[in-house]
J.: 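Here it is, the structure in full.
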There are 2 protein chains.
Amino acid sequence: MSGTKAKRQPRADARRNMHALLDAAMEVFATSGVDAPIREIAEKAEVGVGTLYRHFPQRSDLIVAVFRKEVDACAAAASIMAEQYEPGEALERWLDRFIEFVAAKRGLSAALHSGDPAYDPLPAYLMEHLAPAASRLLQAAATAGVVRSDVEAPDLLMAVAHLCSPDGKGGITEASRRMVSLLIDGIRYDARGQP
Amino acid sequence: MSGTKAKRQPRADARRNMHALLDAAMEVFATSGVDAPIREIAEKAEVGVGTLYRHFPQRSDLIVAVFRKEVDACAAAASIMAEQYEPGEALERWLDRFIEFVAAKRGLSAALHSGDPAYDPLPAYLMEHLAPAASRLLQAAATAGVVRSDVEAPDLLMAVAHLCSPDGKGGITEASRRMVSLLIDGIRYDARGQP
DNA sequence: TTAAATACGGAACGTCATTCCGTTTATCAA
DNA sequence: TTGATAAACGGAATGACGTTCCGTATTTAA
C-alpha cells in the first residue's frame with residue numbers, strides 16, 4: 001500500500017464541465033465583475049449549480065481558479081512574444097498584454113482587500129509567475145541594448161499595476177495608457193540620450 | 001414664495017432615531033465590520049428597519065455618514081489635544097488617535113475599492129478635514145522646535161495610514177505601532193542630532 | 001453487461017437588502 | 001385642550017443570492 005494512493009482519473013464529463021465552468025466564469029467576471037451571481041455562471045456553462053459547487057465548493061475557489069488561469073496565460077504570452085518579435089517590441093507588446101490583464105480585474109481588488117483569507121496567496125502567485133516572465137523579456141531587451149539594464153521586473157510590474165488600477169471601476173483609461181507610455185519611455189535608452 | 005423654502009423642522013422622534021442609528025451603526029461597524037447585517041443595527045438602535053431606510057435609503061448612506069462623523073470627531077480631537085498638551089505631546093497623542101481611527105476601518109477599505117461611486121468622495125473628505133488639523137499640530141510642534149519643519153501634513157497622514165492598514169483584517173498590530181513609532185522618531189529633531 | 005463509483009441537476013433553505021403600507025405619533029392652528 | 005394632518009414608525013413581504021441536499025443519470029472497470 002502506497003502512502004500516496006493512485007486514485008482513478010476524474011471522469012470525462014467532470015473534466016469537461018470543469019473547463020466549461022472556468023471558461024464561463026472568465027467571461028462573466030470580465031463582463032459583470034467578480035460579484036456576478038454564481039447562477040449566471042452555471043447557466044452560461046450549461047450546468048446546474050450543484051455541479052458548480054461540486055467543482056468549486058466556495059465562490060472564492062472559482063475566483064481564485066480564474067485568476068490563476070489568467071496569470072498563467074499572461075505568463076505564457078511572454079514566451080510567445082519573445083519568439084515572434086525582436087526584444088524591444090516583445091517587451092512592449094507583453095506589457096500591453098499585462099495592462100489588459102490588470103485592467104480586467106474590475107472588482108477583484110475589492111476582493112483582495114476584503115480580508116477573506118482565501119485571496120491572501122493571490123498577489124504572491126502573480127509575482128512568482130509573472131516576474132520571471134517579465135525578467136526574461138527585460139534581460140533580452142537589455143542585452144539587445146534597447147532598454148536600460150537596471151530595471152527590476154517586480155518593480156516594473158508593480159509600477160504598471162499601480163498606474164493602471166487607480167480608482168474607478170471601468171476598464172483601462174486613456175490616462176493610464178499615457179502614464180505607462182511615459183514609464184516605458186523612461187526605460188528606453190534612446191529616450192535618455194544614453195548609448 | 002421663496003426659492004429656498006423654510007420647511008418645518010424635522011420631528012423630534014426623527015432626530016432622536018437618527019442619532020440612535022448613527023451611534024448603533026458606529027458600534028456595530030466597529031464590532032462586526034461594515035458588512036454587518038443592517039437589521040443588527042436597527043435592532044441595536046431599537047428601531048424598525050423601515051425607520052432605518054427612511055433615514056438612510058441605501059446601505060452606503062449609513063456607512064458614509066458614520067465615516068464622516070468619525071472623521072469629524074478625529075479632527076475635533078486635534079483641537080482638544082492642542083489645548084491640553086504641549087505641542088510635541090499633542091502631535092504624538094493625536095497621531096495615536098488617528099491610528100485608532102484608521103485601524104477601526106476594518107472592511108472599509110474593501111468598500112472603498114468596491115467601485116461603488118457612493119464611496120468615491122470619502123478619501124477626499126478625510127484629507128480635507130484631517131490635513132488642516134494635522135497641519136496645525138505640526139506647525140505648532142515645529143515652532144516649538146520639537147519636530148522638523150519640512151513635513152507636510154498630507155504626507156504624514158498617508159504614511160501613517162499605509163503603515164497601519166496594510167493587509168490583514170484584525171485591529172492594529174504591534175508591528176504597525178512600531179513602524180509608526182519609527183516614523184515619528186524620524187520627524188523629531190532630537191532623533192537626528194540636529195538643533 | 002452490470003454493479004459500483006462518481007457526477008449531475010435543480011429544488012429547497014437560510015440570510016440579506018430593500019420595499020410597501022397600515023398604524024402611530026408629533027405638531028400646530030383653532 | 002383638541003382635532004386634523006403631515007411626518008414618521010414598524011415589521012411583514014418580496015426578491016436575489018449563496019449554499020446544501022438528495023434522488024437521478026452517467027461513466028467506468030471488471
Side-chain angles (χ1 to χ4, degrees), chain A residues 5-25 28-29 31-67 107-108 110-111 114-119, chain B residues 5-25 28-29 31-67 107-108 110-111 114-119:
Chain A
K5 52 286 185 98
K7 305 262 290 262
R8 180 154 53 180
Q9 221 177 327
R11 255 169 59 170
D13 53 349
R15 236 203 338 270
R16 197 166 355 108
N17 284 333
M18 167 116 210
H19 288 129
L21 280 168
L22 273 178
D23 288 348
V28 169
F29 288 162
T31 307
S32 319
V34 290
D35 290 333
I38 227 120
R39 280 180 234 266
E40 194 179 328
I41 296 167
E43 202 172 337
K44 177 157 302 214
E46 296 179 297
V47 143
V49 285
T51 300
L52 191 157
Y53 271 90
R54 163 168 293 269
H55 291 290
F56 304 97
Q58 311 250 4
R59 152 183 267 288
S60 58
D61 293 328
L62 185 53
I63 295 175
V64 167
V66 168
F67 183 88
L108 186 69
S114 69
D116 186 331
Y119 303 115
Chain B
K5 52 286 185 100
K7 305 262 288 264
R8 183 157 50 181
Q9 219 180 328
R11 252 168 59 170
D13 53 350
R15 235 203 339 270
R16 197 167 355 109
N17 284 332
M18 167 115 211
H19 287 129
L21 280 167
L22 274 178
D23 288 348
V28 170
F29 288 163
T31 307
S32 318
V34 291
D35 290 332
I38 226 117
R39 278 181 237 267
E40 194 179 328
I41 296 166
E43 203 172 335
K44 178 157 303 216
E46 296 180 295
V47 144
V49 285
T51 300
L52 191 158
Y53 272 90
R54 162 169 294 268
H55 291 289
F56 304 97
Q58 312 248 5
R59 168 194 194 67
S60 58
D61 293 329
L62 185 53
I63 294 174
V64 167
V66 168
F67 183 88
L108 186 68
S114 70
D116 185 331
Y119 303 115

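Numbered from 1 within each chain, the chains take letters A, B, ... in sequence-line order. Values below: all heavy atoms of this structure, side chains included; hydrogens, waters and symmetry mates excluded.
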J.: Rounded off to whole Å, could you give me the CG-to-C1' distance for the A/D35 and D/dG18 pair?
T.: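 Atom CG in A/D35 sits about 13 Å away from atom C1' in D/dG18.
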J.: Is the shortest side-chain N/O distance from A/N17 to OP1 or OP2 of C/dC8 below 4.0 Å?
T.: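 Answer is yes, contact under 4.0 Å.
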J.: Given atom CZ of A/R54 and atom P of D/dT26, what is their separation to the nearest angstrom?
T.: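 Rounded to the whole Å, the gap is 15 Å.
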J.: What is the distance, to the nearest angstrom, from the NZ atom on B/K44 to the P atom on D/dG10?
T.: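 Atom-to-atom, B/K44 to D/dG10, this comes out as 18 Å.
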J.: May I have the distance from B/R15 (atom CZ) to D/dA8 (atom P), rounded to whole angstrom?
T.: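 One finds 11 Å between P of D/dA8 and CZ of B/R15, rounded.
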J.: How many angstroms lie between CG in B/D35 and CD1 in B/I63, if you round to the nearest 0.5 Å?
T.: 7.5 Å
J.: For side-chain contact (heavy atoms from CB on, under 4.5 Å), just list the numbers for B/F29 and B/L108, CA-CA rounded to whole Å, side-chain angles, deciding distance to a tenth of an Å, and then say yes or no.
T.: CA-CA 9 Å; B/F29 288 163; B/L108 186 68; over 6 Å; no
J.: Indicate the atoms forming the closest heavy-atom contact of A/R59 with A/I38, along with that distance.
T.: CB-CD1, 3.8 Å
J.: For the pair made of CZ in B/R16 and P in C/dT25, what is the distance, rounded to whole Å?
T.: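 Going from CZ in B/R16 over to P in C/dT25 covers 11 Å.
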J.: Which whole-number value in Å describes the distance from B/E43 CD to D/dG11 P?
T.: 11 Å
J.: Once rounded to the nearest 0.5 Å, what's the spacing between atom CZ of A/R16 and atom NE2 of A/H19?
T.: 11.5 Å
J.: Would you list the protein and nucleotides 27-30 of chain C atom pairs, both N or O, that sit under 3.5 Å from each other?
T.:
unit_1, atom_1, unit_2, atom_2, d
C/dT27, OP1, B/A12, N, 3.1

J.: Nearest whole Å is fine: how far is D/dC9 C1' from B/L21 CG?
T.: 12 Å
J.: D/dG18 P sits how many Å from A/I38 CD1, rounded?
T.: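 Atom-to-atom, A/I38 to D/dG18, this comes out as 5 Å.
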J.: Once you round to the nearest 0.5 Å, how far does CG of A/L21 lie from CZ of A/R54?
T.: 12.5 Å
J.: State, to 0.1 Å, how close A/R15 and A/P10 come at their nearest heavy-atom pair, and which atoms those are.
T.: NH1-O, 4.0 Å
J.: Would the number of heavy atoms belonging to other residues, nucleotides or ligands and lying under 6.0 Å from CD of A/E40 be above 12?
T.: yes
J.: Of the non-hydrogen atoms in B/H55 and B/A14, which two are nearest, and what is the gap between them?
T.: CE1-O, 3.4 Å
J.: Give me, pair by pair, the N or O atoms of the protein and of nucleotides 11-15 of chain C that are less than 3.5 Å apart, along with how far apart they are.
T.:
none

J.: Kindly determine whether B/F56 and B/L22 satisfy side-chain contact (heavy atoms from CB on, under 4.5 Å), including the steps that lead there.
T.: CA-CA 10 Å; B/F56 304 97; B/L22 274 178; 4.2 Å; yes
J.: Looking only at heavy atoms, which two atoms of B/A118 and B/S60 are closest? And how far apart?
T.: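 It is CB-OG, 3.5 Å.
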J.: Starting at CG of B/L52, measure out to CZ of B/R39 and round the result to the nearest 0.5 Å.
T.: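 Those atoms lie 11.0 Å apart.
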J.: Among residues 55-62 of chain B, which ones have heavy-atom contacts with DNA chain D below 4.0 Å?
T.: B/H55
J.: Is the phosphate of C/dA7, meaning OP1 or OP2, less than 4.0 Å from a side-chain N or O of A/T51?
T.: no
